[in-house]
Amino acid sequence: MVKHKNEFVCSNCNASFSKWSGRCENCGEWNTLEENFAAVEENGNKSLASRSRISGKALEYSGIKDILPSDDKARLATGFKDLDTVLGGGILQGSVSLLTGQPGIGKSTLLMQICAEISRGRRVLYVSGEESAGQVKMRAERLGADSDELFFAASTSANDIAKTIESGEFSLVIVDSIQTLSLAEIASAPGTVSQVNNCGNLLIRAAKSSDTAVVIVGHVTKDGNLAGPKVLEHLVDVVLNFEGDRYGGFKTVRAQKNRFGSTAEVAIFEMDSMGLKEVQNPSAALLAERQNTDGSIILATLEGTRPILVEIQALVSPTNFGYPKRTASGFDLNRLNLLIAVLERRTKLKLDDKDIFINVVGGMRLNDSAADLAVCMAIASAAAGRKLSEEYVVFGEIGLGGEIRSVFRPDQRVAEAKKLGFTNAIGPRTVKDSFVLKVKDLRDALIRYVNE
Ligand code: TYD
Ligand code: MG
């Protein structure tokens, strides 16, 4: 017989304690300890693993050469080409994926569109614990999800949902969202560590035993963490992050973890009144409204393995009083401060009495060290009131000595710039292509090119 013993788990760092306290002793966060029920054997052993005698039997193993590859099971195409690539070829049968994102970003919309596609030929169930049947119907109608094979249920009981998944009647089950589910056995409120953890486990077991693909929605907190425990991310096969501006701009779906594919790919979406659409040519869309003013630089960046041209804007204005202000949207603020320090030290620019604002156009979030040179050139261009020729794109990493360093996949960046009609790129000396105007260091780049 199994009894329950309480422990308290920190929802921030996952450390466990035997007693509750207001502050986690491990990570120092306040109010993050939540009760968790761990199964304990009746004889008081803390867990099976703590038994001293080894009672298992030796494993049967086989040579890796002799193992037959598991047949690449049916992949369910989502109807979005790039999203399929992110998933490694579609949603794998029997896999459990977690789709995370801020409230309102479009998770339910995306999943309803996927349901619409997959239900043209397979049975799909959409379970919502957040919205009523009427609300979901309204969205489904708008998105053209009208297949006879698409079903809906409203439930917050993890047990009932797991039982339904286990029946094997559906190829795909959507659970929206994990934070609304609960198990009657557990006293704590939905969304707490023990609820999310145990409900997640139950759904995963049901999915694996019936070979049903399950997609679970998870909300994230303001700082981008999954609300509830991190452990869920370890349990599932695929973790997809849905990011971007809630209002307008591009939204991206990236795999943070993928047991069946690469995590380097990204799908880019735009929301309109007919739901989400994949953006076919993001560079052209991002550059459509560009005006060549000072402080505007086109960066050739990569989103996953896709090259994208994006405009970086800088605004430099005198500080009115006190401490100069530095703000970045779409770019890491620490990196910006570092680059400003390099600019001041390695060139003659004086920025300590200037407010500096950086904006990456289109709601993109840059995570590419090749953006360094473009950001620095944008700041220098804005500070000096001089423009870079509008025919140029820029890429390159900057070292603390102000030197321009080589970047990942320069050829793809160059190819994208050529495709969109740019005449040259400013980049590191290591790139072979004559399209690239090679610069040694930051001073060199500014003196030669930021001068109109
Ligand atoms: P939703 O998918 O409900 O977000 P989430 O499930 O992540 O919380 O919807 C996000 C927003 O998208 C919502 O505010 C309304 C808007 N929207 C559109 O602009 N067009 C559409 O076709 C739909 C269905 C929603
Ligand atoms: Mg939703």
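In this chain, residues are counted from 1 in sequence order. When a ligand or atom number is given, it counts from 1 through the structure's own listing order. Values below: every heavy atom of this structure, side chains too, minus hydrogens, waters and symmetry copies. As the structure is a prediction and not an experimental result, all values here were calculated from the model.
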Check the pair R254, T263 against side-chain contact (heavy atoms from CB on, under 4.5 Å), reporting the backbone distance first and the verdict last. CA-CA 7 Å; R254 266 174 246 268; T263 53; over 6 Å; no

Could you go through S155 and D160, starting from their C-alpha distance and side-chain angles, then the distance that decides it, and tell me whether this counts as side-chain hydrogen bond (donor to acceptor under 3.5 Å, both in side chains)? CA-CA 8 Å; S155 171; D160 295 353; 4.7 Å; no

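- T180 and E130 form no side-chain donor-acceptor contact under 3.5 Å, judged by distance and modelled atom types alone.
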Which pairs of nitrogen or oxygen atoms, taken one from ligand 1 and one from the protein, are under 3.5 angstrom apart?
from, atom 1, to, atom 2, distance (Å)
ligand 1, 2 (O), S108, N, 3.3
ligand 1, 2 (O), T109, N, 2.8
ligand 1, 2 (O), T109, OG1, 2.5
ligand 1, 3 (O), R139, NH2, 2.9
ligand 1, 4 (O), G106, N, 3.2
ligand 1, 6 (O), S108, N, 2.9
ligand 1, 6 (O), S108, OG, 2.6
ligand 1, 7 (O), I105, N, 3.4
ligand 1, 7 (O), G106, N, 3.0
ligand 1, 7 (O), K107, N, 2.7
ligand 1, 7 (O), K107, NZ, 2.9
ligand 1, 8 (O), G104, N, 2.7
ligand 1, 20 (N), D272, O, 2.8
ligand 1, 22 (O), R142, NH1, 3.4
ligand 1, 22 (O), S273, O, 3.2
ligand 1, 22 (O), G275, N, 2.9

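- Remark: R405 engages E403 in a side-chain hydrogen bond (donor to acceptor under 3.5 Å, both in side chains) (not counting sequence neighbours).
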What donor-acceptor contacts under 3.5 angstrom involve side-chain atoms of residues 142-152, with partners at least two apart or in another chain?
from, atom 1, to, atom 2, distance (Å)
S147, OG, S119, O, 2.8
S147, OG, E149, N, 2.9

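- Under the 30°/60° scheme for interplanar angles, the aromatic rings of F269 and F242 are found to be tilted.
- Remark: the backbone N or O of H219 is paired with a side-chain donor or acceptor of Q179 at under 3.5 angstrom.
- In this structure, Q195 contributes its side chain and I186 its backbone to a donor-acceptor pair below 3.5 Å.
- A salt bridge does not link K257 with E233: every distance from a Lys NZ or Arg NE/NH1/NH2 to an Asp or Glu carboxylate oxygen is 4.0 Å or more.
- For the Mg ion (ligand 2), the neighbouring protein N/O/S atoms at less than 2.8 Å, given as residue and atom, are S108 OG.
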